[in-house]
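Values reported hereafter were calculated over all heavy atoms of this structure, with side chains retained and with hydrogens, waters and symmetry mates removed. Numbers here are sequence positions counted from 1.
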Amino acid sequence: VKVLLMYEARPEHLAALRAAAPRAEFAVATSEASAAAAIAGADAVLGNRWLVQSLPHAKRIRWAQSNSMGVDRVLEAREHLRGVTLTNARGVYDDEMAEHAAALVLALLRGLHLSRDAQNAARWNRRPLRRVARTRVLVLGWGGVGRATARALAALGAKVEGVRRRATGRAADETGFVVWGSSWREALPATDVLLLALPLTELTRRLVGAAELAALPTDAFVVNVGRGGTLDEDALLAALRAGRLGGAALDVFETEPLPPEHALWREPRVLVSPHSARSAEDVPHRWEPLFVENLRRFAAGEALLNVVDQDAGY
Ligand SMILES: NC(=O)c1ccc[n+]([C@@H]2O[C@H](COP(=O)([O-])OP(=O)(O)OC[C@H]3O[C@@H](n4cnc5c(N)ncnc54)[C@H](OP(=O)(O)O)[C@@H]3O)[C@@H](O)[C@H]2O)c1
């Protein structure tokens, strides 16, 4: 088999890939043009870089391994992915994502964003703050990220429930948390923090809009670490300005980077973090072991890990 790497593999990682598939031939793309040329003869592609741009030139590719967890961008090229197994990096960054999501929740509850504004004005501004203990958190998106975040917040005493697509009614699942299916909106009036950890799909685009925000208590907070497009930003700003929401912490945006003129930058009750729930990392990349194991499976004809349901979009 011929394997195209969309990144420069450090020697130890390349050695592990070779050991996982001793009969494979490896090529490395170093530019968009070289990726487009090399993908024609490739059976498998590892890495995201130039994947979307080069897919139209693929002729025999059977497997593509993304190094990100969300594959909405890759699926924009879905017409070229027919018959191709797409796998993602699900699970690799759950712990880091959960730490960031929990940090955003704590920052909102303890008013750290407002404290920094007061600090900038040298203002000693003491006011009543809320506790995470007994705070009711509804986690929209019950994947690896949502569950890890639920565990982190529950450890601090929060009352957490989840929402997933493939659940019916409202029942405790194997994690011990109560999980809602399509009736999740019933939970909104009793939610203090609505936390979005959703992939961007046809069904989740603007899943949280004016109606959902209006159903929350007027002092509720919204946190988004999934994808920007799952939350209606205009509706969020309108609710904040009308005093119908306590605040929001956003790591992801409909347009990234968030444009300098965007009103979200200037809304005091909004805490902006720049798509850093999964932050940039040095080598070794945390996805390397997953790539090695999946290549071993591919070469051995075994089932791959983290297969994306291309119809569902995640
Ligand atoms: N901010 C960052 O730096 C960053 C970094 C990495 C990833 N992300 C984003 O985080 C997202 C979540 O990652 P993950 O690994 O936890 O994903 P995952 O394991 O694929 O889980 C996705 C969850 O969303 C649920 N879901 C999907 N469509 C839904 C719908 N229409 N209504 C309700 N629930 C729905 C799924 O329900 P089922 O369980 O029923 O399938 C599943 O529980 C990724 O897709 C990515 O976009 C952000």
Could you walk me through whether Val208 and Asp232 satisfy the side-chain contact (heavy atoms from CB on, under 4.5 Å) test, starting with their C-alpha distance in whole Å, then the side-chain angles of each, then the deciding distance to 0.1 Å, before giving a yes or no? CA-CA 6 Å; Val208 175; Asp232 184 334; over 6 Å; no

Would you say that Tyr93 contacts Glu281 through its side chain, given a criterion of any heavy-atom pair below 4.5 Å between the two side chains? yes

Are Leu250 and Leu245 grouped together when hydrophobic residues (ILVMFWY) are joined by side-chain heavy atoms under 4.5 angstrom apart? yes

Per-pair distances, 0.1 Å, donor-acceptor, side chain in residues 103-117, under 3.5 Å, sequence neighbours excluded:
unit_1 : atom_1 : unit_2 : atom_2 : d
Arg110 : NH1    : Arg130 : O      : 2.8
Ser115 : OG     : Gly111 : O      : 3.3

Between atom OG1 of Thr30 and atom CE of Met6, what is the distance when rounded to the nearest 0.5 Å? 11.0 Å

Passes salt bridge (charged side-chain N to carboxylate O under 4.0 Å, His left out), Arg147 versus Glu174? Steps please. CA-CA 11 Å; Arg147 292 173 195 214; Glu174 70 280 5; 3.3 Å; yes

Assess whether side-chain contact (heavy atoms from CB on, under 4.5 Å) is satisfied between Leu194 and Leu140, documenting all intermediate values. CA-CA 7 Å; Leu194 180 63; Leu140 207 38; 4.3 Å; yes

Would you please say whether a donor-acceptor pair under 3.5 Å links the side chains of Tyr314 and Arg227? no

Only residue of His100, Arg286, Arg151 satisfying side chain to side chain donor-acceptor pair (under 3.5 Å) with Asp95 is Arg286

Taking the side chain as every heavy atom from C-beta outward, state whether Val145 and Thr149 have any pair of such atoms under 4.5 Å apart. yes

State, with a plain yes or no, whether a side-chain heavy atom of Leu5 is found less than 4.5 Å away from one of Val3. yes

As an exercise, state the distance from CD1 of Ile61 to CG of Leu55, rounded to the nearest 0.5 Å. 5.5 Å

Indicate whether the side chain of Ser34 and that of Ser31 have a donor and an acceptor atom separated by less than 3.5 Å. yes

Heavy atoms of other groups near Arg127 CZ, more than 12 under 6.0 Å: yes

Listed once per pair and sorted, the side-chain hydrogen bond (donor to acceptor under 3.5 Å, both in side chains) pairs that draw on residues 48-66, sequence neighbours left out: Asp43-Arg60, Asn48-Ser66, Asn48-Ser68, Trp63-Thr87, Gln65-Thr87, Gln65-Asn294, Ser66-Ser68

Same apolar cluster: Leu304 and Phe291, side chain cutoff 4.5 Å: yes

For Leu195 and Ala101, which heavy atoms make the closest approach, and how far apart are they? CD1-CB, 4.3 Å

With sequence neighbours left out, what residues match Phe221 under ring pair (Phe, Tyr, Trp, His ring centres under 6.0 Å)? none

For Leu237 and Ala263, the nearest pair of non-hydrogen atoms, with its separation, is CD1-CB, 3.8 Å

Should Phe298 and Val292 be counted in the same cluster of Ile, Leu, Val, Met, Phe, Trp and Tyr side chains packed under 4.5 Å apart? yes

Donor-acceptor contact below 3.5 Å, side chain Thr135 vs main chain Arg131: yes

With the side chain counted from C-beta on, respond yes when Leu46 and Leu17 share a heavy-atom pair under 4.5 Å apart, and no when they do not. yes

Applied to residues 179-206, the side-chain hydrogen bond (donor to acceptor under 3.5 Å, both in side chains) test, sequence neighbours excluded, yields Arg136-Asp192, Glu161-Trp180, Arg185-Glu212, Thr201-Thr204, Arg206-Glu254

Could you check if a side-chain atom of Arg170 sits within less than 4.5 angstrom of a side-chain atom of Val178, using non-hydrogen atoms only? yes

Compare all side-chain heavy atoms of Leu264 with those of Leu258 and state whether any distance is below 4.5 angstrom. yes

From His262 NE2 over to Thr255 OG1, what is the distance, rounded to the nearest 0.5 angstrom? 6.5 Å

Can you establish whether the number of heavy atoms outside Arg266 located under 6.0 Å from its atom CZ is more than 12? yes

Hey, could you give me the CG/CG distance between Leu231 and Leu200, rounded to the nearest 0.5 Å? 11.5 Å

Taking Glu99 first and then Arg278, would you say they form a salt bridge - that is, a charged N and a carboxylate O separated by under 4.0 Å? no

For Ser276 versus Asp251, what's the shortest heavy-atom pair and its separation? N-OD1, 2.7 Å

Run the side-chain contact (heavy atoms from CB on, under 4.5 Å) test on Val193 and Val132 for me, step by step, so that the C-alpha distance in whole Å, both residues' side-chain angles and the decisive distance to 0.1 Å come before the verdict. CA-CA 10 Å; Val193 177; Val132 66; over 6 Å; no

What one should report as the nearest heavy-atom pair of Leu4 and Ala35 is CD2-O, 4.0 Å

Can you tell me if Asn306 uses its side chain to pair, donor with acceptor, with the backbone of Asn88 under 3.5 Å? yes

Minimum heavy-atom distance Arg297-Ala303, with the two atoms named: NH1-O, 2.8 Å

Are Leu81 and Val52 grouped together when hydrophobic residues (ILVMFWY) are joined by side-chain heavy atoms under 4.5 angstrom apart? no

Given side chains that start at C-beta, do those of Leu305 and Arg90 come closer than 4.5 Å, heavy atoms only? no

First locate atom CD of Glu12, then atom CG of Leu14, and finally report the distance between them rounded to the nearest 0.5 Å. 10.0 Å

Report the C-alpha distance between Val225 and Leu196 in whole Å, list the side-chain angles of each, state the deciding distance to 0.1 Å, and finish with yes or no for side-chain contact (heavy atoms from CB on, under 4.5 Å). CA-CA 6 Å; Val225 295; Leu196 287 76; over 6 Å; no

Who pairs with Phe177 by ring pair (Phe, Tyr, Trp, His ring centres under 6.0 Å), at least two apart in sequence or on another chain? Trp142

Measure across Ala58 and Ile39 and return the closest heavy-atom pair with its distance rounded to 0.1 Å. N-CG2, 3.6 Å

Do the side chains of Pro284 and His13 get nearer than 4.5 Å, heavy atoms only? no

Within the distance-only criterion (no hydrogens, no angle test), does the side chain of Arg244 pair as donor or acceptor with the backbone N or O of Ala214 below 3.5 angstrom? no

Does Leu51 share a hydrophobic cluster with Val84, counting links as ILVMFWY side-chain heavy atoms below 4.5 Å and allowing steps through other members? yes

Between CD of Gln310 and CZ of Arg82, what distance do you get to the nearest 0.5 Å? 10.0 Å

The ring pair (Phe, Tyr, Trp, His ring centres under 6.0 Å) partners of His275 (sequence neighbours excluded) come to none

